[in-house]
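What follows is one structure encoded as structure tokens, with my remarks underneath.
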Number of protein chains: 2
Amino acid sequence: MPERPMGSSGAGQTRRRGAALEDAILRAAADELTEAGFARLTMDKVAIRAGTNKNAIYRRWPNRLTLAIAAYRRLATTVQPPDTGSLRGDVLEWLRQANRYWSSPQGAILRELFAAAGGATELLAQLQEQSGDAAAAPWLTILGRAIARGEASPEALHPRVATVAMTLLRNEFVVRGAPTAPDEVLVEIVDEVYLPLVRGRSAPPA
Amino acid sequence: MPERPMGSSGAGQTRRRGAALEDAILRAAADELTEAGFARLTMDKVAIRAGTNKNAIYRRWPNRLTLAIAAYRRLATTVQPPDTGSLRGDVLEWLRQANRYWSSPQGAILRELFAAAGGATELLAQLQEQSGDAAAAPWLTILGRAIARGEASPEALHPRVATVAMTLLRNEFVVRGAPTAPDEVLVEIVDEVYLPLVRGRSAPPA
DNA sequence: AGATTTACGGTACTGACCGTACCCTATTTG
DNA sequence: CAAATAGGGTACGGTCAGTACCGTAAATCT
């Protein structure tokens, strides 16, 4: 007479299926990511933690990396662009938020995933939109207000121009591997590159 | 009666030691890199190809990645910054060279190594100087000439400003995973970002 | 309700491959 | 010529990814 096993471990009372199981797997994977990082996330551990087995995982995701990226989505937090009243203040604050994120444990995971994705464009794109830091929209918001105030030139709305600051910051992490970027670097990016650039050819104030 | 084995394979006549052996290993590793890439470079294959065994490798490099980085050095080629007579021409040509490199098989390997290095700052730094694309020196050369011609402001000599174009290009590869960057992107980086930036606040010509 | 299909759970395995350990032998060094 | 050093051969331990079966619970159909 097989009583419901429901051991002390995570296994639920009844056999889970579909969305419920998928959810449990993703939760387990996200937990493994936060505790051990991607490098030490193994499919076996995820399966055990989710109270299931690898079959159920591979039936849903083709490999370890895609699972991890899917699980990372749960860890990603969305933030709002600041509105400090000045362009410089907005940009600096936005960069500082990004810096804090990249320096956080979650940021470390994101960097691992980026690295593991190697050149896989699709996965990278997926990560991009999840992490959201590459999004042009917040920059356009910030710049829109600045233009209205006369602090920036309309030409700055070009996406490549608008996002330059974040690109430079990300470069510090991805290419230099720094655990965190010193605040001086952020200030430098803002004062030496970003503000001169977005003020445009017709530079008004001091 | 052990005749010298010197099979058709790479094994030399006599037992190699020291620099000669090290050289053979690095050559073998470099060959493996170019043929199979880092992901498929295995220590066993390198050892076999070098006509030796893993002992000799591990006695010199602690792990697979450091061996690969050391071997990559042989693949890296050095190039000279162009001198076309105009700032725009120089910058565009320099970016195009970089684009070609990153798009080449060697560039793919470099990207793999970057990815594999993850956050290991030392290794990343080593790669940086080997690949040389992050070096500020060529940019300062280009800008120096441009300043003399009145095409750029002296403020552009700030390293973070001077290298912005390359940073943006590298971003295309490392973060977006593009196999190659369309020429329009390079032009855009030059015309929308770099030239406006280095011309400085006091923008002279059209 | 019972029959059928679907998807989980358990478990065992293959296959790769890194890194290490041992032991014998060629080369160099003194 | 002896002793020390470094290569070569080989065999493992250990870790994981990914796969293959097979029995069974849960959903779906009739």
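- If you take CG of A/Asp44 and C1' of C/dG9, they are 14 Å apart, rounded to a whole angstrom.
- Rounded to whole Å, atom C1' of D/dG23 lies 13 Å from atom CG of A/Asn53.
- Remark: A/Thr84 pairs with A/Asp90 by the side-chain hydrogen bond (donor to acceptor under 3.5 Å, both in side chains) rule, at least two apart or across chains.
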Enumerate the protein-to-nucleotides 4-7 of chain C contacts in which both atoms are nitrogen or oxygen and the separation is below 3.5 Å.
unit_1	atom_1	unit_2	atom_2	d
C/dT6	O2	A/Arg17	NH2	3.2
C/dA7	O4'	A/Arg17	NH2	2.6

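- Applying the salt bridge (charged side-chain N to carboxylate O under 4.0 Å, His left out) test to every pair with at least one member in residues 96-105 of chain A, sequence neighbours left out, gives these pairs: A/Glu93-A/Arg100, A/Arg96-A/Asp183.
- Residues forming a side-chain hydrogen bond (donor to acceptor under 3.5 Å, both in side chains) with B/Asn55 (at least two apart in sequence, or on another chain): none.
- B/Lys45 has its NZ atom 11 Å from the C1' atom of C/dA16, to the nearest Å.
- Rounded to whole Å, atom P of C/dA16 lies 14 Å from atom NZ of B/Lys54.
- Among the heavy atoms of the strands lying under 4.0 Å from B/Leu41 are primed sugar atoms or P, OP1, OP2 only; no base atom is included.
- Applying the side-chain hydrogen bond (donor to acceptor under 3.5 Å, both in side chains) test to B/Thr66 and every residue at least two apart in sequence or in another chain returns B/Asn63.
- Cation-pi geometry between A/Arg88 and A/Tyr194 is not met: the NZ or CZ atom fails to fall both under 6.0 Å from the ring centre and inside 45° of the normal.
- Residues meeting the ring-ring contact (aromatic ring centres under 6.0 Å, His included) test with B/Tyr58, sequence neighbours left out: none.
- D/dT24 atom P lies 16 Å from atom CG of A/Asn55, rounded to whole Å.
- Whole-Å rounding puts the B/Glu22 CD to D/dG7 C1' distance at 14 Å.
- Taking atom CD1 on B/Ile57 and atom C1' on D/dA6, their separation rounds to 15 Å, with Å as the unit.
- Atom OH in A/Tyr58 sits roughly 17 Å away from atom C1' in D/dC21 (whole-Å rounding).
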